[in-house]
There are 2 protein chains.
Amino acid sequence: MPTSSRFVVAVHALVALAVSGDKPLRSEDLAHSASTSPVVIRGLLSRLSAAGLTRSQLGAGGGALLARPAEEIGLLEVYRAVEDTRLFTLHRTPPPPDCAVGGNIVGGLQPALTRAREAFEAELDHTTIAEIADEVARLGNFTVPLEW
Amino acid sequence: MPTSSRFVVAVHALVALAVSGDKPLRSEDLAHSASTSPVVIRGLLSRLSAAGLTRSQLGAGGGALLARPAEEIGLLEVYRAVEDTRLFTLHRTPPPPDCAVGGNIVGGLQPALTRAREAFEAELDHTTIAEIADEVARLGNFTVPLEW
DNA sequence: GGGGCGTGTAAGGGTGACGGTTACACGCCC
DNA sequence: GGGCGTGTAACCGTCACCCTTACACGCCCC
């Protein structure tokens, strides 16, 4: 399955906003930085602002800003805000309920799948946009906020 | 993205084989139990046998069998055997290296993504086909091996 | 030893999500 | 008020997934 690149691009955009500080960034700027199109970025920002992670300033000199300090934005929130797909996909058509295995496999398997998903999410929740931004600044040898 | 249902269907097939005991099951039987087609099942069995989890008996009365005790087959092995997609998809086209963020985001983000993937895989590795089979038998109120 | 059963694999088609593009209405700052 | 930038809809190309059909091969049973 092609999983979507939305999560990584959304983190990219949020890190760019964190690095930018108080200066709003246009969707065109973010699109250039992430090698995608402004419309895709605006679609992501639409979801992120609905989740309370960003806000937008209209008009000339406008653009996107973080709605909260980068230290308070965890990767799990970002993941949930932009990713539609589930970690596991069940049978395309449900198995027959009158089958000994088919009728009980979903119920029997679900707890294990849930545990794996929760372990995944808990680990994502441990990291914040600020940590990623700091690491990017360290790798790129620059300081936050960065003047473009 | 539609993620693939291969993992769940593969576990379904392996649980059916575990429940069946020594009696080989045809791809047609497994397909019926999982509400899919025999060709899809054979494609999964092909991957599972390549991974050393199942083996096949040709000819009349033939079918698929577990190559190892169900207690020794972990869900992570199954996942790796049949699933092609990655948990995270990076930018469709790589970000520009000369960008302060674009040039370092992948390197800065990778460790967090790896930790999440490893937590996910470690949790999957804790569960075996035998445990799922036991739970299915409990829910279905039957005993293993089951006569069909 | 031959007939038939069952596997393994390839090819083609339908479906759905994703990402890109174009287009356009609205709101806000200069 | 003019222009900048956002927000959203519509359309399209692409790709993985799953299903179906088809067929060659290997093995068991009679």
Side-chain angles (χ1 to χ4, degrees), chain A residues 1-10 12-13 17 20 22-32 34-51 54-65 67 82-95, chain B residues 1-10 12-13 17 20 23-32 34-51 54-65 67 81-95:
Chain A
M1 84 217 159
T3 58
S4 102
S5 67
R6 282 202 291 262
F7 173 62
V8 167
V9 174
H12 184 139
L17 294 179
S20 173
D22 290 338
K23 184 171 175 296
L25 294 180
R26 301 175 305 157
S27 61
E28 189 183 332
D29 303 326
L30 294 171
H32 183 262
S35 291
T36 181
S37 82
V39 178
V40 170
I41 295 293
R42 292 206 287 267
L44 290 175
L45 288 174
S46 178
R47 290 167 180 252
L48 293 173
S49 74
T54 65
R55 58 193 172 84
S56 291
Q57 277 185 4
L58 294 181
L65 292 166
V82 301
E83 204 67 46
D84 290 334
T85 73
R86 309 236 178 262
L87 235 34
F88 300 106
T89 301
L90 298 184
H91 309 66
R92 176 174 284 204
T93 66
Chain B
M1 91 191 176
T3 60
S4 103
S5 67
R6 281 202 292 265
F7 173 62
V8 167
V9 174
H12 184 140
L17 294 179
S20 173
K23 184 170 177 295
L25 294 180
R26 301 176 303 157
S27 61
E28 190 182 332
D29 303 325
L30 294 170
H32 183 262
S35 289
T36 179
S37 82
V39 177
V40 170
I41 295 292
R42 293 207 285 269
L44 290 175
L45 289 174
S46 177
R47 291 169 180 250
L48 293 173
S49 75
T54 64
R55 58 193 172 85
S56 291
Q57 277 186 2
L58 293 182
L65 293 166
V82 302
E83 204 67 47
D84 290 335
T85 71
R86 308 227 183 268
L87 235 36
F88 300 106
T89 301
L90 298 184
H91 309 65
R92 177 175 282 202
T93 66

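Small disclaimer: the values here were computed from a predicted structure and weren't measured. Order of the sequence lines sets the chain letters (A, B, ...), proteins ahead of strands, with each chain counted from 1.
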Contact under 4.0 Å: [X] side-chain N or O vs [N] OP1/OP2:
X	N	answer
B/Ser37	D/dC18	no
A/Thr36	C/dG20	yes
B/Ser46	C/dT7	no
A/Arg26	D/dG5	yes
B/Arg6	D/dC18	yes
B/Ser27	C/dT7	yes

Say you draw a straight line from NE2 of A/His12 to OG of A/Ser35; how long is it, rounded to the nearest 0.5 Å?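 So the gap between those two atoms works out to 7.5 Å.
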
Nearest-Å distance, [atom1] ([X]) to [atom2] ([N])?
X	N	atom1	atom2	answer
A/Arg86	C/dC18	CZ	P	12 Å
A/Asp84	C/dG16	CG	P	16 Å
A/Leu25	D/dC4	CG	P	18 Å
A/Leu44	C/dG19	CG	P	8 Å
A/Leu45	C/dG19	CG	C1'	16 Å
A/His32	D/dG5	NE2	P	16 Å
B/Arg55	C/dT7	CZ	C1'	15 Å
B/Arg42	D/dC23	CZ	C1'	11 Å

Within the 4.0 Å heavy-atom criterion, would you say B/Gly63 contacts the bases, only the backbone, or no part of the nucleic acid?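 Sugar-phosphate, backbone atoms only, no base.
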
Using heavy atoms to find the nearest nucleotide of DNA chain C for A/Ala60 and B/Val39 separately, return the residue whose nucleotide is more 5′.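 The residue whose closest nucleotide sits nearer the 5' end is B/Val39.
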
If you pin B/Ser49 and A/Ser35 to their nearest nucleotides in DNA chain C, which one's is more 5'?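 First, find each residue's nearest nucleotide; the 5'-ward one identifies B/Ser49.
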
Can you tell which of C/dG19, D/dT6, C/dG8 lies closest to the side chain of A/Ser4?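 The answer is C/dG19.
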
Choose from D/dG7, C/dC18, C/dG27 the nucleotide whose nearest atom is closest to any side-chain atom of A/Leu58.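 The answer is C/dG27.
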
Does either side chain, that of A/Ser27 or that of A/Arg42, offer a donor lying less than 3.5 Å from an acceptor on the other one?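 Yes, a side-chain donor-acceptor pair sits under 3.5 Å.
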
In Watson-Crick or G-U wobble terms, both distances under 3.5 Å, what is the partner of C/dC28?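 Matched C/dC28 with D/dG3 under the 3.5 Å cut-off.
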
With a 4.5 Å heavy-atom cut-off, do B/Leu65 and B/Gln57 have their side chains touching?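 Answer yes - side chains close enough.
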
C/dG19 base / B/Arg92 side chain donor-acceptor hit below 3.5 Å: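 In this structure, the two groups form no donor-acceptor pair.
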
